[in-house]
**Student:** 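Structure below; questions to follow.
No experiment lies behind these values; they were computed from the predicted model shown.
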Amino acid sequence: MHPVEALANQLRPDRGWSEHLAPEFREPYMHRLAEFLAQEEQAGKVLFPSSKHCFNALNTTSLDKVSVVILGQDPYHGPGQAHGLCFSVRPEVPAPPSLVNIFKEIQADLGISPPDHGCLQPWAEEGVLLLNSVLTVVQGQAGAHQGQGWERFTDKVVETINRERDGVVFLLWGSYARKKGLHIDRNRHFVLEGPHPSPLSAYRGFFGCKHFSRANEWLQQKGQQPINWALPSRADLQARYQ
């Protein structure tokens, strides 16, 4: 099987994305990306997340269920962290600093206490597309797979949501996410922008942005279900996904 076929097979056909994204897997850039990823693995490099989880965001959140989009940049590059959802880590892994700040803002905004883990899978199942711009990385090498083609593919994901859906909330934190969301139709969608939640920039306006309550207010105004930003405990989460 050609590497691009193997990669395409990781995208679930029942989530509504395939009909819009399938043409991308026939593009030369996607062939080059798939071959590059295969070569990286053949060279013994450890990729995060594994190829079977790189489309976790799309495989979890169906196109017709997307109500909120959070755009990240790269997967975490530490062992056991990345599992295909931006900002999220596996239940047994401590929440990284940016995610800790996200939880702080949710607590200040909605009075929800931070969970004892950093797994955002329940958000994804509720309709929050947690999309990184780049979907893989090499262990210990931040940004190692930038510029290899993932950015073009995830631009297509954003373009698909922009075109096929109405009334989606986009949360764009930091200049990178804002640039990626530049062409979103703001007459049809609700775009909230702010500083990145990293410790370097959260105090410049991420804290106090109230994006979580504002997102829910918008969804309710549009007759849509608000997001339950409260997460179950780690024990409950692990029992759910056993």
Side-chain angles (χ1 to χ4, degrees), residues 1-11 17-18 20-61 69-89 96-99 129-163 170-184 191 193-201:
M1 185 183 291
H2 191 279
V4 78
E5 291 178 57
L7 191 61
N9 285 344
Q10 300 304 328
L11 188 63
W17 300 103
S18 293
H20 305 286
L21 300 177
E24 297 303 296
F25 291 95
R26 297 193 287 272
E27 293 287 335
Y29 87 90
M30 208 62 185
H31 281 250
R32 289 192 297 270
L33 172 60
E35 287 167 358
F36 167 76
L37 294 173
Q39 289 166 4
E40 291 276 88
E41 290 180 329
Q42 287 163 11
K45 295 183 180 180
V46 178
L47 305 190
F48 295 141
S50 63
S51 58
K52 66 180 181 179
H53 288 123
C54 69
F55 294 131
N56 190 20
L58 301 175
N59 288 341
T60 302
T61 313
V69 178
I70 297 178
L71 293 180
Q73 188 166 349
D74 293 282
Y76 297 119
H77 56 86
Q81 291 183 304
H83 63 124
L85 305 177
C86 74
F87 292 106
S88 180
V89 290
S98 291
L99 185 52
L129 183 69
L130 297 162
L131 183 69
N132 273 318
S133 178
V134 178
L135 300 186
T136 54
V137 72
V138 176
Q139 178 175 333
Q141 298 179 35
H145 287 176
Q146 290 181 7
Q148 297 295 334
W150 278 131
E151 294 92 341
R152 180 170 167 182
F153 179 80
T154 52
D155 278 347
K156 187 68 176 181
V157 174
V158 174
E159 179 189 314
T160 298
I161 300 165
N162 182 54
R163 183 184 65 246
F170 287 84
L171 304 184
L172 308 181
W173 301 328
S175 58
Y176 190 94
R178 287 199 297 273
K179 185 177 179 183
K180 197 166 185 70
L182 211 54
H183 301 295
I184 296 165
V191 179
E193 299 182 350
H196 194 276
S198 79
L200 296 174
S201 55

**Student:** Roughly how far apart are E41 CD and Q39 CD, rounded to 0.5 Å?
**Tutor:** 11.0 Å
**Student:** Grab the two heavy atoms, one from L58 and one from W17, that are nearest each other, plus how far apart they are.
**Tutor:**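 Heavy atoms only, the tightest pair is O-NE1, 3.1 Å.
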**Student:** With distance as the sole test, does S201 use its side chain to make a donor-acceptor pair with the main-chain N or O of H196 at under 3.5 Å?
**Tutor:** yes
**Student:** Ignoring hydrogens, what is the shortest heavy-atom contact between G194 and R178? Give both atom names and the distance.
**Tutor:** O-NH1, 3.2 Å
**Student:** Under 4.5 Å between any side-chain heavy atoms of F153 and L33, yes or no?
**Tutor:**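 Of all side-chain heavy-atom pairs linking L33 with F153, none is under 4.5 Å.
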**Student:** Within the 4.5 Å heavy-atom criterion, are W173 and S98 side-chain neighbours or not?
**Tutor:**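 W173 vs S98: side chains apart.
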**Student:** Side chains of L11 and N59: does their closest heavy-atom pair fall under 4.5 Å?
**Tutor:** yes
**Student:** When you compare the side chain of L7 with that of M30, does any pair of heavy atoms fall below 4.5 Å?
**Tutor:**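 Yes, their side chains come closer than 4.5 Å.
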**Student:** Show the nearest heavy-atom pair for residues S88 and H83, with the distance to one decimal.
**Tutor:** OG-NE2, 2.7 Å
**Student:** For the rings on F36 and H145, is their centre-to-centre separation under 6.0 Å?
**Tutor:**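 Ring-ring flag for F36/H145: true, centres closer than 6.0 Å.
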**Student:** Salt-bridge test for K156 and E159: reply yes if a basic N is under 4.0 Å from a carboxylate O, no otherwise.
**Tutor:**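 Here K156 pairs with E159 in a salt bridge, since their nearest N and O are under 4.0 Å apart.
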**Student:** Could you tell me which non-hydrogen atom of Y29 sits nearest to which non-hydrogen atom of G149, and how far apart they are?
**Tutor:**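 So the minimum-distance heavy-atom pair works out to CE1-O, 3.3 Å.
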**Student:** How are the rings of F55 and W150 set to each other: parallel, tilted or perpendicular (split at 30° and 60°)?
**Tutor:** perpendicular
**Student:** Kindly compute the distance separating CG (L71) from OG (S133), expressed to the nearest 0.5 Å.
**Tutor:**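 That separation rounds to 8.0 Å.
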**Student:** Between P23 and S18, which heavy-atom pair has the shortest distance, and what is it?
**Tutor:**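 For P23 and S18, the tightest heavy-atom pair comes out as CD-O, 4.5 Å.
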**Student:** Evaluate the side-chain proximity of L135 to N132: yes if any heavy-atom separation is below 4.5 Å, no if none is.
**Tutor:**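 Yes, close enough: below the 4.5 Å cut-off.
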**Student:** For the CG atom of L131 and the SG atom of C86, what is their distance to the nearest 0.5 Å?
**Tutor:**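 Atom-to-atom, L131:CG and C86:SG are 7.0 Å apart.
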**Student:** Please identify each residue that fulfils salt bridge (charged side-chain N to carboxylate O under 4.0 Å, His left out) with R26, with sequence neighbours left out.
**Tutor:** none
**Student:** When rounded to the nearest 0.5 angstrom, what is the spacing between CG in N162 and CG in D155?
**Tutor:** 11.5 Å
**Student:** Looking at OG1 of T136 and NZ of K45, how far apart are the two atoms once the value is rounded to the nearest 0.5 Å?
**Tutor:**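 Between atom OG1 of T136 and atom NZ of K45 there are 11.5 Å.
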**Student:** Do Q146 and E151 touch side chain to side chain, with heavy atoms closer than 4.5 Å?
**Tutor:** yes
**Student:** Nearest heavy-atom pair of A57 and L129: which atoms, and what distance?
**Tutor:** O-CD1, 3.4 Å
**Student:** Rounded to the nearest 0.5 Å, how far apart are CD of E24 and NE2 of H20?
**Tutor:** 12.0 Å
**Student:** Is any side-chain heavy atom of H31 less than 4.5 Å from a side-chain heavy atom of H2?
**Tutor:**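 Sidechains of H2 and H31: in contact.
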**Student:** Which is it for H183 and F170 under the ring-ring contact (aromatic ring centres under 6.0 Å, His included) test, yes or no, and what are the steps along the way?
**Tutor:** CA-CA 12 Å; H183 301 295; F170 287 84; over 10 Å; no
**Student:** Please tell me if the side chains of L47 and V138 come closer than 4.5 Å, counting only heavy atoms from C-beta onward.
**Tutor:** yes
